[in-house]
Amino acid sequence: MPPKTRHSEATQTAAGLQSALAALNVNAKPFIPNVDAAVFVPTFLQSSPTEISNSDGHGRSCHLCRLAPVENGGGTEADMAVEVETWEQKEEPGEGEPGGGGALGGEGGSSEEAQGREEVEMMEEEEEEELPVLKVIPLPPNAPKKEHVNVVFIGHVDAGKSTIGGQIMYLTGMVEKRTLEKYEREAKEKNRETWYLSWALDTNQEERDKGKTVEVGRAYFETEKKHFTILDAPGHKSFVPNMIGGASQADLAVLVISARKGEFETGFEKGGQTREHAMLAKTAGVKHLIILVNKMDDPTVNWSLERYEECKEKLVPFLKKVGFNPKKDIYFMPCSGLTGANLKDPIEECTWYMGLPFIPHLDSLPSFNRITDGPVRLPIVDKYKDMGTVILGKLESGSIAKAQQLVMMPNRHTVEVLSLLSDEVETDEAVPGENLKLRLKGIEEEEILPGFILCNAENLCHSGRTFDAQIVIIEHKSIICPGYNAVLHIHTCIEEVQITALICLVDKKTGEKSKTRPRFVKQDQVCIARLRCAGTICLETFKDFPQMGRFTLRDEGKTIAIGKVLKLVPEKD
């Protein structure tokens with residue numbers, strides 16, 4: 001190419017650029033530095049939010065003003081606002097000339113700009129994905145404290161407990177839509193697209209791969225009046241001990257059953273977890289039971305009232321037998337965990353259900369009576385090391401404050417509370433019903449076991465190895481004689497136990513005690529027996545403190561009996 005042509009082309013391009021810039025800056029004012037401008041103070045150093053001008057000169061509020069970088073260190077607030085405004089105008093094609101790009105070197109320039117912007121957005125998105133989701137909403141300092149309620153989700157394997165939990169967290173805004181979309185993509189890659197909601201609660205890889213909850217998942221959500229902790233219990237029979245630990249912290253149980261043909265039957269028949277979980281929840285002290293009939297959107301069910309009533313008819317007699325009052329303690333509700341139908345808002349397909357949806361129903365429940373002025377009792381669920389010794393548990397009675405001196409039973413270690421977290425939010429004082437994380441001073445993590453109790457020094461809890469209890473034998477093939485060994489689950493404690501003596505039989509209907517000592521007991525009988533643990537445990541009589549006086553006996557992966565502590569037997573020297 002001859003140099004003359006190249007030169008003329010360059011001149012043309014320069015002229016074109018000049019005219020484009022002139023067209024772009026038709027209304028641009030000449031730059032005049034503002035000598036009297038206020039000194040720039042970064043937002044994090046400002047004492048009050050009023051120092052920032054939130055208006056953009058057009059009367060519209062401009063949230064981006066404080067984020068605009070100050071170029072050359074001398075732009076005024078107004079300049080920054082205008083800068084942001086023009087950027088906003090440029091974004092909206094409807095405001096300026098048709099095409100929205102103005103005369104910026106034709107289409108090529110605008111497409112390059114758009115491409116650049118897309119790249120930046122993608123980079124930002126990638127960066128944002130790595131950030132952990134903040135699930136805790138900090139309350140304003142003067143807001144009244146909401147009542148804490150622990151809800152445990154129980155039921156047979158694959159009834160949809162984790163999915164409902166994940167859906168509730170999404171509906172109440174505790175999990176972002178972006179996070180769920182990411183889970184959905186990952187689940188699709190593994191051909192498990194219906195599992196993505198449960199991943200909000202099933203966090204470890206093993207649980208996600210198999211689709212089975214193993215440990216009790218924890219999450220939080222809030223309604224207008226209450227603060228809820230979701231305890232997502234495992235449904236598999238191998239993990240029932242974990243489920244008992246979850247149920248022992250709960251105030252309220254949600255029994256999830258699947259309405260799908262065949263699934264309800266397997267869960268409810270002998271060997272299914274629906275029966276066992278309902279019974280264990282009652283033993284753990286759950287007074288109120290909500291039964292969610294899940295998977296109502298399934299093609300085999302299609303919101304059918306007949307199927308719903310069929311499930312109800314089979315369940316009610318059994319729940320009555322366990323000890324729930326059908327009129328006061330039980331509430332049935334149809335729903336779909338996967339679509340979220342009838343969890344937050346009522347749905348049109350289900351014309352026959354007239355009650356409140358699930359979340360509003362939880363909010364409308366009456367308050368639980370808590371013993372605030374009683375002795376401090378905090379059964380320990382878990383412990384770990386993190387800049388000291390950290391313990392987790394639910395405060396059953398009394399109140400705990402920062403820097404308070406407490407005693408760890410049964411070891412009688414005096415400890416001091418260094419910091420106090422209630423559902424991941426730091427507080428100075430905690431009341432009964434709250435799930436706490438305490439950092440303790442004066443004790444090593446190795447010296448604590450789940451099942452230990454934190455008490456106040458003036459009123460220690462009882463500890464011992466031998467006690468008398470009333471036991472109901474629920475399921476056992478053969479007879480039970482003195483010398484029988486089982487595993488005892490009492491509050492958060494798990495210990496081996498032996499029935500050392502059978503004292504008497506109790507008549508189920510009249511409550512009369514037999515005069516003679518029985519030589520054995522069998523299924524469906526009630527007896528009073530003496531039990532002896534392998535090690536020292538903390539316990540109270542059922543009459544004094546119900547939460548620490550009820551227990552379950554398990555053997556060979558089955559729940560054999562439930563019972564309550566009647567009397568503590570002092571150790572003979």
Side-chain angles (χ1 to χ4, degrees), residues 237-245 247-248 270-273 275-285 321-323 410 449-451 462-509 511-543 546 548-572:
K237 63 169 178 280
S238 316
F239 311 123
V240 169
N242 296 359
M243 177 261 153
I244 295 172
S248 69
K270 241 186 178 163
Q273 259 44 59
R275 285 165 171 263
E276 189 173 15
H277 279 201
M279 184 180 64
L280 290 169
K282 182 68 186 168
T283 316
K321 184 181 158 193
V322 170
L449 287 171
H462 292 92
S463 61
R465 288 177 63 182
T466 315
F467 60 94
D468 289 352
Q470 182 171 322
I471 304 172
V472 185
I473 313 295
I474 283 155
E475 187 186 344
H476 196 255
K477 286 191 201 78
S478 63
I479 56 172
I480 291 175
C481 304
Y484 176 79
N485 290 315
V487 178
L488 170 82
H489 291 261
I490 182 163
H491 54 86
T492 58
C493 175
I494 302 172
E495 189 66 69
E496 273 197 31
V497 71
Q498 184 178 52
I499 296 178
T500 54
L502 297 172
I503 297 165
C504 64
L505 288 174
V506 179
D507 191 296
K508 268 189 172 178
K509 290 193 176 70
E512 276 180 30
K513 294 172 185 171
S514 65
K515 301 283 187 289
T516 54
R517 283 195 168 202
R519 288 172 58 198
F520 61 86
V521 283
K522 53 184 197 289
Q523 194 169 318
D524 290 336
Q525 284 189 322
V526 183
C527 71
I528 292 174
R530 181 157 294 185
L531 290 93
R532 184 172 171 81
C533 298
T536 306
I537 59 162
C538 298
L539 72 169
E540 298 280 1
T541 61
F542 183 78
K543 196 171 77 190
M548 286 171 59
R550 29 173 115 77
F551 63 87
T552 314
L553 293 180
R554 286 178 57 80
D555 187 22
E556 294 173 4
K558 289 193 189 77
T559 300
I560 303 295
I562 54 176
K564 55 185 185 184
V565 178
L566 299 177
K567 184 175 105 186
L568 305 174
V569 181
E571 292 293 312
K572 296 185 184 83

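- Shown here are the side chain to side chain contact (heavy atoms under 4.5 Å, CB included) partners of Gln498, two or more places apart in sequence or in another chain: Asn485, Thr500.
- Phe542 is linked by a ring-ring contact (aromatic ring centres under 6.0 Å, His included) to nothing, counting only residues two or more places apart in sequence or in another chain.
- Separation of atoms CG (Leu449) and CD1 (Ile537) is listed at 12.5 Å; rounding is to 0.5 Å.
- Take Lys321 and apply the side chain to side chain contact (heavy atoms under 4.5 Å, CB included) test, not counting sequence neighbours, and it matches no residue.
- Minimum interatomic distance between Ile480 and Ile560 (heavy atoms only, all atoms of both residues): CD1-CG2, 3.8 Å.
- For Asp468, the side chain to side chain contact (heavy atoms under 4.5 Å, CB included) partners at least two apart in sequence or on another chain are Ile503, Arg530, Lys567, Val569.
- For the side chain to side chain contact (heavy atoms under 4.5 Å, CB included) test, residues two or more places apart in sequence or in another chain that qualify with Arg554 are Val240, Pro241, Ile244, Glu276, His489, Thr552, Thr559.
- Cys481 contributes atom SG, which lies 7.5 Å from atom CG of Leu502 (distance to the nearest 0.5 angstrom).
- Taking CD from Gln470 and CD1 from Ile562, the interatomic distance works out to 10.0 Å, rounded to the nearest 0.5 Å.
- Using a 4.5 Å heavy-atom threshold, the side chains of Asp555 and Tyr484 count as touching.
- Between atom CD of residue Glu512 and atom CG of residue Leu505 there is a gap of 12.5 Å, rounded to the nearest 0.5 Å.
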Table please: side-chain donor-acceptor pairs of residues 516-529 below 3.5 Å, with sequence neighbours left out.
from	atom 1	to	atom 2	distance (Å)
Gln523	OE1	His476	N	3.3
Gln525	OE1	Lys522	N	2.9

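- Proximity of a side-chain donor or acceptor of Arg465 to a complementary backbone N or O of Cys533 within less than 3.5 Å is detected.
- Remark: Ser514 engages no residue in a side-chain hydrogen bond (donor to acceptor under 3.5 Å, both in side chains) (not counting sequence neighbours).
- For His462, there are no ring-ring contact (aromatic ring centres under 6.0 Å, His included) partners at least two apart in sequence or on another chain.
- Among residues two or more places apart in sequence or in another chain, the salt bridge (Lys or Arg N to Asp or Glu O under 4.0 Å) test is passed with Glu540 by Arg377.
- Rounded to the nearest 0.5 Å, atoms CZ (Phe467) and CG (Leu531) are 4.5 Å apart.
- Taken from CD1 in Ile479 to CD1 in Ile473, the straight-line distance is 11.5 Å, to the nearest 0.5 Å.
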